[in-house]
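Here's the structure, in structure tokens; my notes come after.
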Amino acid sequence: MVKSPPPCVSSLSILHLFLFSLANCDNPSVNYLIDCGSSNPTQLKDGRTFKSDRDTTSLLNTTEDLQISLDSINANPPPFIPSSSLPLFQTARVFQDESTYSFHISKTGPLWIRLYFFPLPHPSYNLTSAVFSVQTSRFVLLHHFSLRNNDSLVFKEYLINVSDSRLSLKFIPKKKSLAFINAIEIVSAPETLVSDSATGVSPPGEFKGLLNSALQVSYRVNVGGPTIDPESDTLSRTWEPDGPYNVFPQGSETSQVSNKSIKYPRSGVVTPLIAPNLVYATAVHMIDPGVMEPKFNLSWMMNVENSYSYLIRLHFCDIVSKSLNQLYLNVYINGIEGVSGLDLSSETKALATAFYKDFVLSDSDITNGSILVQVGPTKIQRDKANAILNGIEVMKISNNADSLDGFFSVDGKYRGPFSTPKGLKIAAFVGLALALASLLLLAFICIRWRKRPQGWEKHNRFSSWLLPFHPNHNTKLFQGKNTTRRKKLNSHHKSKHGHTGSPRGPERFFPFSELQHATNNFDETKVIGVGGFGKVYLGKLENGKKVAIKRGTSGSEQGINEFRTELNMLSKLRHRHLVSLMGFCDENSEMVLVYEYMAHGPFRSHLYGFDLPPLSWQKRLEICIGAARGLHYLHTGAAQSITHRDVKTTNILLDDNYVSKVSDFGLSKAVPEKAQVSTAVKGSFGYLDPEYYRTQQLTQKSDVYSFGVVLIEVLCARPVISPTLPSEEVNLADWAMKQHRRGVLHKVIDPRIVDTISSTSLKVFVQIAEKCIADCGVDRPSMGDVLWHLEYALHLHEAGSQIGAHEDKSSNMIPGQFDNVADHLGSNSSDASDSTEVGSTVFSQIANFQGR
Ligand SMILES: *[C@@H]1O[C@H](CO)[C@@H](O)[C@H](O)[C@H]1NC(C)=O
Ligand SMILES: *[C@@H]1O[C@H](CO)[C@@H](O)[C@H](O)[C@H]1NC(C)=O
Ligand SMILES: *[C@@H]1O[C@H](CO)[C@@H](O)[C@H](O)[C@H]1NC(C)=O
Ligand SMILES: *[C@@H]1O[C@H](CO)[C@@H](O)[C@H](O)[C@H]1NC(C)=O
Ligand SMILES: *[C@@H]1O[C@H](CO)[C@@H](O)[C@H](O)[C@H]1NC(C)=O
Ligand SMILES: *[C@@H]1O[C@H](CO)[C@@H](O)[C@H](O)[C@H]1NC(C)=O
Ligand SMILES: *[C@@H]1O[C@H](CO)[C@@H](O)[C@H](O)[C@H]1NC(C)=O
């Protein structure tokens with residue numbers, strides 16, 4: 001049914017054909033060009049002919065037959081859409097139901113998929129309201145995509161490695177909506193175009209797995225030169241000029257030589273298929289200021305999407321040097337050194353010879369939606385300092401969900417924003433081991449609070465945040481991995497459960513086979529997070545309940561210790577704001593913990609880095625309050641006071657109602673209140689209490705410090721350590737407090753919400769955050785105190801509009817009361833329920849006072 005067009009379509013330029021056959025000498029290439037909705041074939045000025053809709057209906061499985069066309073289009077194509085392709089936008093095919101093109105792939109390997117969209121006006125179909133997804137059998141290319149703007153031409157270009165003899169392209173309209181497409185290209189790309197590995201910028205080292213991912217072209221830039229149209233490119237690509245991206249044009253100068261003089265190396269690693277000689281024949285180099293050595297980088301910035309990794313290909317060709325070995329380059333991507341002292345002469349053995357280098361920048365190093373490519377001179381340059389760049393290509397790499405748009409895979413399953421892309425370990429910043437640990441822990445997933453026991457309210461009428469404590473639990477569960485003990489324990493659990501109907505349901509023992517079943521035998525695609533101890537999987541129990549399953553890597557001493565600690569701690573602790581354990585498995589030297597699934601993942605993902613909608617100030621306060629309650633309970637509510645030791649936004653998880661829970665007790669330690677315990681320093685870089693670090697004395701105030709850092713992070717929505725920023729700004733807590741003292745705190749507050757925070761609420765919030773990060777532990781408030789201030793800040797925010805007029809009055813009158821309460825809370829904190837009671841009473845008094 002599917003006709004494979006002959007490889008030699010007459011309309012292809014001779015050059016194109018010649019070069020094409022260079023790459024695919026003995027295999028016919030795949031070449032489907034379809035002008036959807038068109039009744040006649042369309043020949044473009046670049047020489048290619050797109051088949052009409054009629055000629056291609058055999059490729060399409062759809063239930064309807066809707067075509068839309070327009071005589072002419074008066075839209076201005078953006079620079080990366082060649083003007084020659086305008087006729088393709090004049091017609092479209094519209095789908096009201098799921099419809100599939102299927103292509104016969106005569107030659108497996110890399111393929112270009114190019115899609116053209118333009119929402120043509122039509123009396124009965126409103127294409128600007130169409131919302132749809134486009135996917136192949138494995139990759140999601142577009143998810144709930146729409147073109148709100150009725151005069152925008154959209155062009156999407158993908159490169160995927162097809163290993164099947166069939167490629168399907170599915171258009172799926174959202175319910176009650178439409179899908180449409182103006183033109184499709186499915187064209188073989190040369191095998192040599194992208195190799196499986198590239199230089200990892202972060203984490204440094206070799207990145208592997210490109211061929212197993214789908215790529216989407218984000219930018220293809222001819223640095224220092226004009227637009228290159230498909231007709232001048234061997235693979236019908238379009239290259240745009242670099243002007244809009246050059247962020248330091250004052251320091252740049254362009255160079256140009258005739259394209260005839262460009263050589264490709266004999267080795268065949270770089271061919272005209274990689275990039276046409278026109279790309280290598282133009283370059284930007286450093287301006288010669290005519291004074292001493294210039295010391296700067298050439299810099300280009302491009303906007304990209306956070307939470308994807310990118311392949312960055314830089315093209316070099318030394319068309320500026322007079323002799324060999326004069327040019328030594330440093331390349332930085334987002335401020336991280338990609339390569340230092342790159343010597344083009346030794347790579348190419350000749351001048352004016354094409355060379356390129358691939359880099360992969362991982363999602364964790366793209367925090368503000370941009371990629372900054374910098375090329376600068378090294379110190380060893382013989383003559384005068386110089387640096388050049390000829391071309392930049394930026395391609396998005398499909399994520400864990402095999403998607404290039406969102407986090408849903410082709411089966412519609414959500415593969416959370418906090419999972420690690422395959423083969424990509426989340427990067428360490430500045431090579432610090434502690435930092436590494438902190439980022440690896442980024443992906444913790446835990447459980448929702450189990451069902452509230454009956455009668456619970458009665459027992460705990462004072463406390464909205466304390467749950468009964470069970471001190472009698474076996475805290476030596478894993479010691480010696482004693483199976484009989486475990487069985488005993490387990491049967492003890494069962495009988496206890498049976499007799500008393502104890503609703504607090506002790507954690508259950510899970511047979512390993514059940515967990516294997518729940519995770520499809522620990523299938524890699526179920527991984528939702530990676531920690532120092534091993535991986536976290538999303539599992540589904542037989543009853544359909546989703547759980548997070550943390551499986552320890554056997555053999556790691558650290559892992560075993562953290563496991564024991566976590567199990568010991570969690571089996572003793574029950575609290576609405578602490579993640580709780582559903583069960584465990586210690587069969588066959590496996591160490592597995594089972595938690596309920598926390599649907600919204602780590603708090604941090606909602607603050608920055610993942611393009612999730614910003615949380616309102618109120619929501620942020622509520623989440624902080626929840627976490628503070630959890631910590632307050634840890635510090636004071638349990639029979640044994642516990643210090644968490646790893647408080648940070650990745651360890652605060654959100655359930656499906658955005659209720660926050662503190663997780664990860666792997667480093668926790670019982671520390672008697674107001675006592676110090678001498679211990680090796682553990683924790684996460686950026687959140688670590690400096691006093692603890694200096695003295696190695698752990699106190700509860702170390703958690704308070706970390707929580708203070710969390711509060712500032714919540715306010716500013718940026719990482720607590722950003723090594724790429726100017727040194728003054730690297731440490732968020734220091735920087736924010738500095739700005740606060742300068743009276744310009746607003747400059748660092750999350751710009752998305754800065755205007756919505758009432759000033760009184762902010763004042764209280766910042767005041768308590770600042771106290772938390774006081775240098776000396778004794779100067780820091782207790783968690784109860786922090787909790788109270790946060791509640792107060794929330795109250796002020798909610799009352800914001802009413803009290804706006806009395807702002808001065810309230811901020812004058814409250815602190816006195818407030819401090820007393822805080823003191824009261826602090827001194828009573830050994831009795832958590834009481835302090836809670838007092839807190840709420842006084843709080844409500846103040847609330848009333850405010851109301852008046
Ligand atoms: C076309 O799609 C329908 C429904 O999706 C399916 O039942 C049918 O088998 C498909 N036909 C072909 C030729 O693929
Ligand atoms: C089409 O839909 C868009 C978005 O829903 C709407 O803004 C626009 O007014 C609609 N246009 C027509 C002609 O109905
Ligand atoms: C887009 O919509 C606006 C107003 O809805 C209309 O004036 C304009 O002509 C439309 N443009 C196109 C290309 O349809
Ligand atoms: C990608 O392509 C290479 C070479 O063409 C092939 O060996 C590999 O199996 C392909 N991988 C996938 C996942 O298609
Ligand atoms: C140089 O570029 C022009 C297009 O600008 C092209 O026609 C010509 O064939 C190229 N020369 C070589 C040697 O590739
Ligand atoms: C170029 O940029 C990098 C990273 O941003 C920086 O470390 C380096 O000092 C810069 N080089 C020059 C010469 O300014
Ligand atoms: C990203 O950060 C750089 C400086 O670190 C800044 O110049 C740039 O404007 C930022 N980009 C965006 C999109 O905020």
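Small disclaimer: the values here were computed from a predicted structure and weren't measured. Counting convention: from 1, in listed order, for ligands and their atoms alike.
Listed by number with element, the atoms of ligand 6 under 4.0 angstrom from any heavy atom of Gln374 are 2 (O), 4 (C), 5 (O). Which parts of ligand 5 touch Asn259 is read off a 4.0 Å heavy-atom cut-off, strictly below it: atoms 1 (C), 2 (O), 3 (C), 8 (C), 10 (C), 11 (N), 12 (C), 14 (O).
Between Phe80 and Tyr219, the ring center distance fails the sub-6.0 Å criterion.
Between Phe145 and Val154, the shortest heavy-atom contact is CZ-CG1, 4.1 Å. Nearest heavy-atom pair, Thr49 versus Leu33, reported as atom, atom and distance to 0.1 Å: O-CD1, 3.4 Å.
Remark: the backbone N or O of Val223 is not paired with any side-chain donor or acceptor of Asp242 at under 3.5 angstrom. Side-chain atoms of Ser258 come within 3.5 Å of backbone atoms of Lys260 as a donor-acceptor pair (strictly under, hydrogens ignored).
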Can you list, pair by pair, the side-chain donor-acceptor contacts under 3.5 Å of residues 331-338, counting residues two or more places apart and other chains?
| unit_1 | atom_1 | unit_2 | atom_2 | d |
| --- | --- | --- | --- | --- |
| Tyr332 | OH | Asn330 | ND2 | 3.4 |
| Asn334 | OD1 | Leu372 | N | 2.6 |
| Asn334 | ND2 | Asp365 | O | 2.9 |
| Asn334 | ND2 | Ser370 | O | 3.2 |

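Residues passing the salt bridge (Lys or Arg N to Asp or Glu O under 4.0 Å) test with Glu185, sequence neighbours excluded: Arg48, Arg114. Partners of Tyr356 by ring-ring contact (aromatic ring centres under 6.0 Å, His included), not counting sequence neighbours: none found.
For ligand 5, none of its N or O atoms has an N or O atom of Ser232 under 3.5 Å away.
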Please give the N or O to N or O pairs under 3.5 Å between ligand 2 and the protein, distances rounded to 0.1 Å.
| unit_1 | atom_1 | unit_2 | atom_2 | d |
| --- | --- | --- | --- | --- |
| ligand 2 | 2 (O) | Asn126 | ND2 | 2.4 |
| ligand 2 | 11 (N) | Asn126 | ND2 | 2.9 |
| ligand 2 | 14 (O) | Asn126 | ND2 | 3.1 |

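With a 4.0 Å heavy-atom cut-off, ligand 6 is reached by the backbone of Phe296 but not by any atom from C-beta on.
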